[in-house]
Amino acid sequence: MNSLGTRLFAAFVSIILVVILIVGFALLVLLRDNPVIERQTYTRLNDVAGAVIRQGPLPANLTRESAAAFVQQLAAVYSVRVLIADPGGRVVVDSNPEAAAINRLNLNQARPDQGAPGALLGRARDANQRLWLYVTRPFGPNRLLVFAEQQPRFPVIAYFAENLLLPLGEAAVVAGLLSAVLAVLISRSIANPLHRMASVAQSIARGDYAQAAPTSGPDEVRALGQSLNSMARQVQAAQQAQRDFVANVSHELKTPLTSIQGFAQAMLDGAAASPDALDKSARIIFDEADRMRRMVEELLDLARLDAGAGAMTRGPVDLRLVLATVVDRFGPRAAERQVNLQADLPGNLPAMVGDADRLAQVFNNLVDNALKHTPAGGSVTLAASPAPGGVAVAVRDTGAGIPPEDVNRIFERFYQVDKSRARSGGAGLGLAITREIVEAHGGRIDVQSVAGLGSNFRVFLPVARGDDTTVARKKSRQ
Ligand code: ADP
């Protein structure tokens with residue numbers, strides 16, 4: 001009873017039954033009030049009246065007794081009730097005195113008969129409130145001869161049962177069969193794609209993404225198929241990202257570990273015995289351990305940003321002060337590398353809401369990278385300016401630039417342009433963290449770069465309104 005087909009069939013059958021009940025009821029009402037049957041009675045009464053008049057002139061000046069005999073004779077011949085009434089409609093003679101009396105004819109409600117001049121057609125009730133149909137003919141100077149017949153009782157139910165029940169039943173059976181076929185066809189068109197989707201979902205659960213859900217059938221089913229396919233792609237991408245992540249982390253940890261193990265081994269078995277060699281080995285071990293520590297710290301940082309909770313605080317931020325501090329911090333390093341570090345920080349930057357330490361981390365990363373990739377004699381510029389709805393900050397350098405094939409990927413986790421050069425630096429997580437923080441502030445970051453000429457990292461940070469919950473929103477989204 002739960003399958004789509006059975007439900008559709010049940011719905012169709014109920015609709016058919018309701019329609020047939022309504023049609024049957026309407027037919028019954030139509031039959032009961034059928035005007036044709038009433039018209040037939042009037043015609044018959046008129047025929048009788050015509051026949052009586054055609055027999056010859058009606059007797060005049062009858063006594064009460066002869067009038068009674070006259071109407072009784074007519075009644076017997078023509079099998080109708082015959083009355084004589086005065087012009088006001090009061091019945092004065094009745095062919096059936098023993099039947100329930102008809103006292104008045106309600107002539108004012110009777111209508112003239114089109115076919116016979118002076119004749120009327122009407123209805124009257126007898127003493128038992130039964131309805132009689134009658135026609136009149138003028139009779140003598142001031143009398144009416146009246147032919148009456150009880151209003152026919154049409155055997156509605158019997159007629160219905162005999163003539164209409166069967167066709168209605170047949171119609172119901174045919175409609176039922178048709179609806180069974182329709183229910184099967186419709187339910188198949190819906191259920192088949194759904195069955196296939198269920199099997200695709202099971203394949204996805206098993207990790208098999210090769211099968212695609214059908215995107216045919218009714219709109220809703222098609223939309224479901226498309227959503228399922230898009231979900232499968234996302235799950236696949238997420239799994240791939242997770243696998244890549246684990247592979248990257250293992251790889252990045254393995255390299256310094258191998259190095260540490262090698263130099264420790266050399267110290268242990270005496271291969272590095274001289275003070276110089278010992279010193280060099282210890283330094284390498286220290287540097288590699290430091291690199292691992294930094295990477296683990298960055299990974300923890302990313303994990304915190306991903307989790308959202310506790311990664312950010314929210315308060316008023318003086319962005320100019322944040323940027324000036326960054327410039328001060330890197331001043332000595334720039335001087336040491338003979339790079340010209342410039343700042344363009346106007347005083348009219350709008351007030352911001354966000355996490356000052358995290359924003360400092362963004363620009364530390366960008367300036368650090370710029371200095372790393374800019375040779376002596378080059379320059380690095382940190383420039384801020386008000387932009388519609390926020391602040392635009394650019395970190396420009398005249399360094400090595402980024403090859404076009406790498407530009408779109410450098411914000412990915414673990415992505416490094418030059419793996420060999422990166423050995424001395426980070427693990428390709430710095431820009432990923434940077435982007436996370438910028439986006440957590442509702443901002444965006446991109447880069448324009450020309451290999452050999454330099455790069456321009458552009459950050460846009462929106463000015464948070466008083467009721468803005470950008471940071472909180474980012475947290476709760478994750
Ligand atoms: P890392 O922490 O290893 O430096 P990042 O995520 O900070 O990693 O940077 C990713 C890659 O982008 C690096 O491999 C680096 O080569 C490149 N890169 C970043 N900033 C610059 C820059 N200003 N100029 C040239 N290349 C850059």
Side-chain angles (χ1 to χ4, degrees), residues 207 236-307 311 329-330 333 336-337 339 361-362 364-376 397 399-437 447 449 451 455 457:
Q236 192 176 13
Q239 279 204 341
Q240 187 58 43
Q242 202 183 6
R243 271 197 289 271
D244 290 351
F245 185 78
V246 173
N248 279 324
V249 171
S250 329
H251 176 78
E252 292 296 328
L253 286 175
K254 206 174 135 210
T255 319
L257 270 176
T258 313
S259 178
I260 288 173
Q261 201 180 18
F263 282 97
Q265 184 75 50
M267 288 165 81
L268 280 174
D269 59 19
S274 70
D276 266 3
L278 272 177
D279 189 56
K280 189 180 158 229
S281 302
R283 181 142 303 281
I284 289 174
I285 290 173
F286 179 83
D287 285 347
E288 292 295 340
D290 191 47
R291 211 164 94 83
M292 281 173 63
R293 179 191 56 77
R294 262 189 291 140
M295 194 183 105
V296 170
E297 271 172 12
E298 283 179 334
L299 281 173
L300 285 175
D301 210 14
L302 265 178
R304 267 197 296 272
L305 285 166
D306 280 346
R329 182 169 171 225
F330 284 95
R333 170 113 67 94
E336 186 187 309
R337 298 179 63 112
V339 172
Q361 192 180 352
V362 164
N364 279 334
N365 265 346
L366 293 178
V367 174
D368 185 32
N369 276 349
L371 284 175
K372 256 193 244 166
H373 294 96
T374 305
D397 65 60
I402 301 160
E405 64 272 20
D406 297 308
V407 163
N408 292 328
R409 302 199 55 192
I410 55 169
F411 293 102
E412 289 174 19
R413 294 173 184 196
F414 293 108
Y415 194 82
Q416 288 172 315
V417 173
D418 183 347
K419 284 272 175 189
S420 59
R421 192 175 59 195
R423 291 279 70 84
S424 58
L429 294 172
L431 285 179
I433 293 176
T434 301
R435 185 174 65 175
E436 286 290 332
I437 298 173
V447 62
S449 188
S455 312
F457 283 83

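Side chains included, hydrogens not; waters and symmetry mates left out as well; all remaining heavy atoms used.
- For Glu412, the salt bridge (Lys or Arg N to Asp or Glu O under 4.0 Å) test picks out Arg409, with sequence neighbours left out.
- Arg329 and Asn364 form a side-chain donor-acceptor contact under 3.5 Å, judged by distance and modelled atom types alone.
- Side chains of Ile284 and Lys280 form a contact here, defined as non-hydrogen atoms less than 4.5 Å apart.
- Under the side-chain hydrogen bond (donor to acceptor under 3.5 Å, both in side chains) criterion, Ser449 pairs with Ser455, sequence neighbours left out.
- In Asp269, the CG atom is crowded: over 12 heavy atoms of neighbouring residues, nucleotides or ligands sit closer than 6.0 Å.
- Contact of the Met295 side chain with the Val249 side chain is registered, since non-hydrogen atoms from C-beta on lie closer than 4.5 Å.
- The pair Glu297-Arg293 counts as a salt bridge, with a side-chain nitrogen and a carboxylate oxygen less than 4.0 angstrom apart.
- One finds the CD1 atom of Ile260 at 5.0 Å from the CE atom of Met292 (value rounded to the nearest 0.5 Å).
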Legend entry - salt bridge (Lys or Arg N to Asp or Glu O under 4.0 Å) between Arg413 and Glu298, worked out: CA-CA 11 Å; Arg413 294 173 184 196; Glu298 283 179 334; over 6 Å; no

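- In this structure, the side chains of Leu299 and Phe245 come closer than 4.5 Å at one or more pairs of heavy atoms.
- Scored by the side-chain hydrogen bond (donor to acceptor under 3.5 Å, both in side chains) test, Asn365 finds Thr434 as partners (sequence neighbours excluded).
- Residue Leu302 holds its CG atom at 5.5 Å from CG of Leu429, rounded to the nearest 0.5 Å.
- The shortest side-chain heavy-atom distance between Arg291 and Glu288 falls under the 4.5 Å cut-off.
- For Ala264, the side chain to side chain contact (heavy atoms under 4.5 Å, CB included) partners are Ile285, not counting sequence neighbours.
- By the 4.5 Å heavy-atom criterion applied to side chains, Glu436 and Asp306 are counted as neighbours.
- Counting heavy atoms of neighbouring residues, nucleotides and ligands inside a 6.0 Å radius, atom CD of Glu405 exceeds 12 of them.
- The main-chain N or O of His251 is found under 3.5 Å from a side-chain atom of Thr255 such that the two form a donor-acceptor pair.
- Here the straight-line distance linking atom OG of Ser281 with atom CG of Asp276 works out to 10.5 Å at 0.5 Å rounding.
- The line from CG of Leu371 to CD of Glu336 is 10.5 Å long, rounded to the nearest 0.5 Å.
- The side-chain hydrogen bond (donor to acceptor under 3.5 Å, both in side chains) search around Asp244 returns Gln240, not counting sequence neighbours.
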Inset, instruction - Let me see the working for Val417 and His373 under side chain to side chain contact (heavy atoms under 4.5 Å, CB included), right down to the final yes or no. - result: CA-CA 11 Å; Val417 173; His373 294 96; over 6 Å; no

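- No side-chain heavy atom of Leu431 sits under 4.5 Å from any side-chain heavy atom of Tyr415.
- One finds the CG atom of Leu253 at 10.5 Å from the CG atom of Asn248 (value rounded to the nearest 0.5 Å).
- In this structure Phe286 satisfies the ring pair (Phe, Tyr, Trp, His ring centres under 6.0 Å) test with no other residue, sequence neighbours excluded.
- Distance check, rounded to the nearest 0.5 Å: CG of Asp290 to CZ of Arg283 gives 10.5 Å.
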